[in-house]
Amino acid sequence: MSLAKTYNPKEAENKWYAYWMEKGFFRSTPDHREPYTIVMPPPNVTGVLHMGHMLNNTIQDVLIRRARMQGKNACWVPGTDHASIATEAKVVAMLKEQGIDKKSLTRDIFLKHAWEWKEKYGGIILKQLEKLGASCDWERTKFTMDPDLSDAVIDTFIRFYKEGYIYRGVRMVNWDPQGKTALSDEEVIRKEVNQKLYYVRYKIKDSNEYIVIATTRPETIMADTAICINPNDERYTHLKGKTVLVPLIDREIPVIEDDYVEMEFGTGCLKVTPAHDLNDYELGQKHNLEVIDILNDDGTLNEKAQILIGEDRFIARKTVAKLLEEAGQIEKIEDYKSQVGFSERTDAAIEPKLSMQWFCKMEELAKPALEYVENGTIKLIPEKFFASYKHWMENVKDWCISRQLWWGQRIPAWYNEKNEWVVAKTEEEAVQEFEKQGKSAQGIRQEEDVLDTWFSSGLWPMSVFDGVRNPDNEDFKYYYPTNDLVTAPEILFFWVARMIIMGHDYTQQPPFRNVYLTGIVRDKLGRKMSKSLGNSPDPIELMEQYGTDGVRVGMLLSSPAGNDLMFDISYCEQGRNFANKIWNAFRLVKGWETIEAPATVAQKSAAYWFENRFNQAVVEIDEHFKSYRLSDALMATYKLIWDDFCAWYLELVKPAYQAPIESETLATVKLYFQKVLALAHPFMPFLTEELWHDELFGERQPKDCVIVATYPEIRPFDEAIIKEFEIVQQIISEVRNIRNSKGISPKVALPLAINTTDVDLTKFRDGITKLANIADLSFVQEKVTGTVSFLAGKSECYVRLDNENVDIEAERERITKEIEYLKGFLVSVEKKLSNERFVQNAKPEIVQNEQNKKADAEAKIKILKESLAGLE
RNA sequence: GGAGAAUUAGCUCAGCUGGUUCAGAGCACCUGCCUUACAAGCAGGGGGUCACUGGUUCGAACCCAGUAUUCUCCACCA
């Protein structure tokens, strides 16, 4: 049977993933082996695979496959996140399309819809991960709202409450008027926005004067409860103790003094709106000001605004500006840029809002979490993220953990008829608790709010093994702490920090040892890939087009550790080409006829060289993996296979056209081929498995798969043979160069004499003859006249050419040029050596090195001069 | 406003403790080849004042200072 000329990934991909699953290779249960554990950052349950997931999960899969082949008990736990706000927003939108308003539903009915939605769309992204080849233990798949995981969340809330970390109180929080919920500080994204700075005139009571105040938010003037000036501002001394009128509504408010006000900014006067600005709130507290909240939960104005009731805040802003203008109370309007907070999930502009929320105290919890990273127990890769991690940990604020949503874990707090509350797991326990505290247990109802999604994600490395509720279970004891966490730097604080905090609080151990922070996938222009920009290719389509292995290789080639990656489709092409290269190397070997015979000297030499080169590469690759430089590890694999294996080793042993190959050599080739496949498998799982099972390599037992084959181990290697072969490569390359530059057909065999000094290259005689197409190869002791010569390592080589092929002039010029260069080089070296201070200060071996360089250059010049003379 | 990082070939990036692994890789490019594994290929080749300016040193892509540009994170100036 003849194989297709190009590799067709489709068949192999469908076949082998199913096969691996069937044979249970992804499964992991505790045993005597060393565990290697990764918990997958759970994608949003309603998510669809994007390039970021693709990168992230490819890296994890490479790590897990390699560990598995290295004999570790590799366990990769997949799962999804319930993503409170995002999912609830999607469900609300879906219901709206069906003409259903969330407000018209009870909590239970809404949740029923949400669960239906989750069942319908929840599995998509995990299916897509299968296409990528992700070798997760699917039987361990978890969802952050699975009963056991939710239970762990509730337990944790109670635990933290008992430990004194959780409290309830009225605070200024980030309010998302679209999601209609509070958010944590981390969920607020600040963006620079072009705004208008309105200079508004406030009339002074019982006077014709007015005072001008700059604001970007005229719609909030109805909530003003004071005007503030800096006590040292002489311009406004006359205003002290005065009362001013809020424009449009003429409410009377005092002028207060506080040096918080910057005299240089705006007009030096500040309108104080305690309900709608954090600073103003604090200022209001300090000066005992009234708080007038004029906004509804959805960002529309309420009756306290007195005017424009029911209008959206942004429409109201324009309307108020217009009204002020008409009333002659706008002095001027300037363009102004400022930072505005937006909801990370809904992208709605955040309103600072005063409300009753649940918080988690962070200061104390953060300390051990910082220590882990500081003392190296947890390594951040790359390290550059440590600085911002430290900064965040040292300046962490209390975490608002309550959300005014239904989708999520409902806070286990209970209220009685008097609105007193207790924290308890069940209603019964709540009753007991109330009674214990001597409070009424009548009219008990549960807290409406749910917990921040990240509160449950923070438990992920523990809760997937049921370690929160049952820390003594086998799985948890075996797999925890996990090894590597692969995630995006954007969620270092959201998620990574909180996992460390929670993990430590429960176990006094870190949840993982290494945190590999991947870059952000950007397009060629450096823009972040996003749906809204439409610049993100669909990973599934890419895989269809280039094959999964090709895309995996493409992703990794373009992703230096920790830096953003400029994704370019040409990387996928390169990956596809590489897969094809391996495929064709295989076709070559498969096509060989065999003759029962031992290997020739030349074949043995080639094999010996490749074996050592292979071992050398394995060491290099291992080092790259150790420092999490996956793209370098891949590139080293790529070069080993493409250059060393295909271009040199296979070419060296390749029999002449239609000639058979010696059986011993074929056996060796097959052996190395399999080793090379094993080395490539973590990067290109499908192609390697496909080839592994070809009859060329003999019969395979059902479980004899490359996915569980032995990963090449570190072995010593003979550097001398690698160096020697480099000389051979140079010689061949030079002869080809001469051929190329003189337009001599590769079919014309050239004579070659090699004058070796202290290297024996005779064992590569056949190889050189074949690859450089030499008619007559001789090893000589002295200079051969009438030749083109060059230097290859320590050998001088002469190619005797027919007279008509020799361009004496060109050759003379080439050699002269080279001599000139060497002379210049020699001058610089001699200059260095004659510098006394250099000889005195530099390390002896450096000086020795310079002397070697000098001798070397002199020898080369001598040879070249002789060559030049020989041209006459 | 604060902190951190980056700037090396057309592109994406390596370059560890200053000294032949110091100017590298892959891709792209140019030239020649449809040579029976592969044109998704083969052979060969040309590309760089290492952002700029000073300093330290016998010696700087590398260390220091400043400048410019870019990026990221953090931060409540109306």
Side-chain angles (χ1 to χ4, degrees), chain A residues 3 5-7 172 185 190 197 213-217 228 260-262 264-273 277-282 336 338-339 341 352 382 384-392 395 489-490 492-493 520 524 526 546 550 557-560 562-568 570-571 573-592 627 629 631-632 634-636 638-639 646-647 650-651 654 657-658 732-734 736-741 743 745-747 773 831-832 835-843 845-847 849-850 852-853 856:
Chain A
L3 294 168
K5 214 169 165 183
T6 51
Y7 169 55
M172 200 63 140
D185 294 343
R190 289 185 188 277
L197 191 58
I213 288 162
T215 178
T216 55
R217 304 199 57 191
C228 190
Y260 160 75
V261 178
E262 298 276 340
E264 291 74 30
F265 189 87
T267 59
C269 286
L270 176 71
K271 75 189 204 51
V272 187
T273 320
D277 185 282
L278 180 58
N279 298 304
D280 289 12
Y281 176 69
E282 280 164 9
Y336 182 69
S338 72
Q339 300 283 322
K384 67 176 176 186
F385 290 105
F386 175 66
S388 54
Y389 179 82
K390 185 178 158 95
H391 183 262
W392 190 81
N395 297 281
E490 298 125 88
L492 187 57
F493 310 126
I520 296 165
K524 259 194 285 192
Y546 295 100
L557 279 180
S558 54
S559 64
N563 282 332
D564 286 0
L565 100 217
M566 306 291 171
F567 182 78
D568 189 320
S570 69
Y571 285 113
E573 226 169 278
Q574 196 182 347
R576 177 200 61 183
N577 294 356
F578 183 40
N580 195 48
K581 182 72 188 177
I582 298 175
W583 175 260
N584 275 291
F586 180 80
R587 276 213 310 148
L588 170 70
V589 176
K590 195 173 164 64
W592 286 340
S627 46
R629 300 161 76 119
S631 59
D632 290 336
L634 172 56
M635 187 43 72
Y638 179 95
K639 284 198 252 188
C646 295
L650 290 184
E651 290 296 338
K654 181 161 116 182
Y657 179 51
Q658 285 190 338
I732 293 166
S733 189
E734 277 291 352
R736 284 168 174 172
N737 183 10
I738 287 164
R739 213 188 276 284
N740 232 303
S741 61
S745 162
K747 285 170 189 152
N773 195 22
K831 202 171 154 193
K832 233 182 201 182
N835 182 340
E836 269 176 44
R837 284 191 292 182
F838 169 71
V839 180
Q840 272 169 16
N841 295 332
K843 281 181 265 176
E845 58 266 34
I846 301 291
V847 178
N849 212 321
E850 291 300 312
N852 293 347
K853 275 155 61 175
D856 230 50

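FYI, side chains are in, hydrogens and waters are out, and symmetry mates aren't considered; it's all heavy atoms of this structure. Only a predicted model underlies this, so the values are computations on that prediction, with no experimental measurement involved. In what follows, chains carry the letters A, B, and so on, assigned in the order in which the sequence lines appear, proteins first and then strands, with residues in each chain numbered from 1.
- Counting non-hydrogen atoms under 4.0 angstrom, A:Leu278 reaches nothing in the nucleic acid.
- Checking the phosphate oxygens (OP1, OP2) of B:A39, a side-chain nitrogen or oxygen of A:Lys5 falls inside 4.0 Å.
- Distances from the side chain of A:Asn580 to the nucleotides B:A78, B:A40, B:G4 place B:A40 closest.
- The partner of B:A65 is B:U53, judged by Watson-Crick or G-U wobble contacts that both fall below 3.5 Å.
- The partner of B:C34 cannot be assigned: no Watson-Crick or G-U wobble pair with both contacts below 3.5 Å exists in any strand.
- Side-chain contact between A:Glu282 and A:Tyr260 is absent, with no heavy atoms from C-beta onward closer than 4.5 Å.
- Within the structure, every side-chain polar atom (N or O) of A:Lys747 is placed at least 4.0 Å from both OP1 and OP2 of B:U35.
- Taking atom C1' on both B:A25 and B:C52, the two are 27 Å apart, rounded to the nearest angstrom.
- Nucleotides B:A28 and B:C11 have their P atoms positioned 15 Å apart, rounded to a whole Å.
- The phosphate of B:A78 (OP1 or OP2) has a side-chain N or O of A:Tyr336 nearer than 4.0 angstrom.
- A:Glu264 comes within 4.0 angstrom of no nucleic acid atom, judged by non-hydrogen atoms across all strands.
- The residue A:Tyr638 sits close only to the backbone: its heavy atoms come under 4.0 Å of sugar-phosphate atoms, none of a base.
- Here the separation of B:A75 from B:U56, taken at their P atoms, is 42 Å to the nearest Å.
- Remark: the separation of the P atoms in B:C73 and B:A65 is 26 Å, to the nearest Å.
- Here the separation of B:G47 from B:U35, taken at their P atoms, is 31 Å to the nearest Å.
- Protein atom CG of A:Leu634 is 12 Å distant from nucleotide atom P of B:C27, rounded to whole Å.
- A:Lys639 comes within contact range of the sugar-phosphate backbone alone, with a heavy-atom separation under 4.0 Å but no base atom that close.
- Between B:U36 and B:U20, the distance separating the two C1' atoms is 43 Å to the nearest Å.
- By the side chain to side chain donor-acceptor pair (under 3.5 Å) test, A:Arg587 pairs with A:Asn584, sequence neighbours left out.
- Nucleic acid contact for A:Glu573: none, since no nucleic acid atom lies under 4.0 Å from a heavy atom of the residue.
- If you measure from atom CZ of A:Arg217 to atom C1' of B:A78, you get 11 Å, rounded to the nearest angstrom.
- A:Asp280 CG to A:Thr273 OG1: the interatomic distance, rounded to the nearest 0.5 Å, is 5.0 Å.
- Classified by its glycosidic torsion, B:U49 falls in the syn category, the angle being within 90° of 0.
- Nucleotides B:G26 and B:A9 are separated by 12 Å at their C1' atoms, to the nearest Å.
- For B:G47, the O4'-C1' to base torsion is within 90° of 0; the nucleotide is therefore syn.
- The side-chain heavy atoms of A:Val847 and A:Phe838, taken from C-beta on, include a pair separated by under 4.5 Å.
- Each of A:Ile732 and A:Ala387 has a nearest nucleotide on RNA chain B; the 5'-most of these lies closest to A:Ala387.
- The shortest distance between the side-chain N/O atoms of A:Ser558 and the OP1/OP2 oxygens of B:C13 is not below 4.0 Å.
- Of the two residues near RNA chain B, A:Glu850 and A:Glu490, the one whose nearest nucleotide lies more 5' is A:Glu850.
- The glycosidic torsion of B:U20 lies within 90° of 0, placing the base in the syn range.
- Minimum interatomic distance between A:Lys271 and A:Ile213 (heavy atoms only, all atoms of both residues): N-CG2, 3.8 Å.
- Looking at heavy-atom distances under 4.0 Å, A:Thr267 makes no contact with the nucleic acid at all.
- Minimum atom distance to the side chain of A:Ser388 is reached by B:C73, of the listed B:C73, B:A78, B:C38.
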Criterion side-chain contact (heavy atoms from CB on, under 4.5 Å) on A:Arg739 and A:Asn773, from CA distance to verdict
CA-CA 10 Å; A:Arg739 213 188 276 284; A:Asn773 195 22; 3.5 Å; yes
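- The side chain of A:Lys581 lies closest to B:A37 when the candidates are B:A14, B:A37, B:C73.
- Distance from the side chain of A:Cys646 is smallest to B:A37 among B:U36, B:G26, B:A37.
- Atoms CE (A:Met635) and P (B:G24) sit 18 Å apart, rounded to a whole Å.
- One interatomic measurement links the two molecules: CZ of A:Phe838 to P of B:U57, which rounds to 17 Å at whole-angstrom precision.
- Atom NZ in A:Lys384 sits about 9 Å away from atom C1' in B:G4, given to the nearest Å.
- Classification of B:U53 as anti follows from a glycosidic angle more than 90° from 0.
- Taking every side-chain heavy atom of A:Tyr571 into account, B:G26 is the closest of B:U36, B:C76, B:G26.
- The partner of B:C16 is absent, by the rule that a Watson-Crick or G-U pair needs both atom distances under 3.5 Å.
- Checking B:A40, B:C27, B:G44 against the side-chain heavy atoms of A:Asn740 singles out B:G44 as nearest.
- With hydrogens and angles ignored, a donor-acceptor pair closer than 3.5 Å exists between the side chain of A:Glu651 and the base of B:A37.
- Counting non-hydrogen atoms under 4.0 angstrom, A:Ser338 reaches the backbone sugars and phosphates but no base.
- Note: CG (A:Asp568) to P (B:A28) measures 10 Å, nearest angstrom.
- Rounded to whole Å, the distance from CG on A:Leu650 to P on B:U36 is 17 Å.
- Look at B:C29: its Watson-Crick or wobble partner, with both distances under 3.5 angstrom, is B:G45.
- In the set B:A78, B:A37, B:A43, B:A78 carries the atom at the smallest distance from any side-chain atom of A:Glu262.
- Between A:Arg576 and A:Tyr7, every side-chain heavy-atom pair lies at or beyond the 4.5 Å cut-off.
- Nucleic acid contact for A:Val589: none, since no nucleic acid atom lies under 4.0 Å from a heavy atom of the residue.
- For B:A43, the OP1/OP2 oxygens have no side-chain nitrogen or oxygen of A:Asn737 closer than 4.0 Å.
- Nearest nucleotide to the side chain of A:Tyr657, out of B:A37, B:U36, B:C76: B:U36.
- B:U72 is paired with B:A3 under the Watson-Crick or G-U wobble criterion, all donor-acceptor distances under 3.5 Å.
- Taking the side chain of A:His391 as heavy atoms from C-beta on, and the options B:C74, B:A37, B:G26, the nearest nucleotide is B:C74.
- With sequence neighbours left out, the side chain to side chain contact (heavy atoms under 4.5 Å, CB included) criterion links A:Phe265 to A:Glu262, A:Tyr336.
- Within the 4.0 angstrom heavy-atom criterion, only backbone atoms of the sugar-phosphate kind lie near A:Arg736; the bases stay farther away.
- Nucleotides B:G4 and B:A60 have their C1' atoms positioned 25 Å apart, rounded to a whole Å.
- Out of B:C27, B:C38, B:A40, the shortest distance to the side chain of A:Asn577 is found at B:A40.
- One atom, CD of A:Gln658, and another, P of B:A37, lie 10 Å apart when rounded to the nearest Å.
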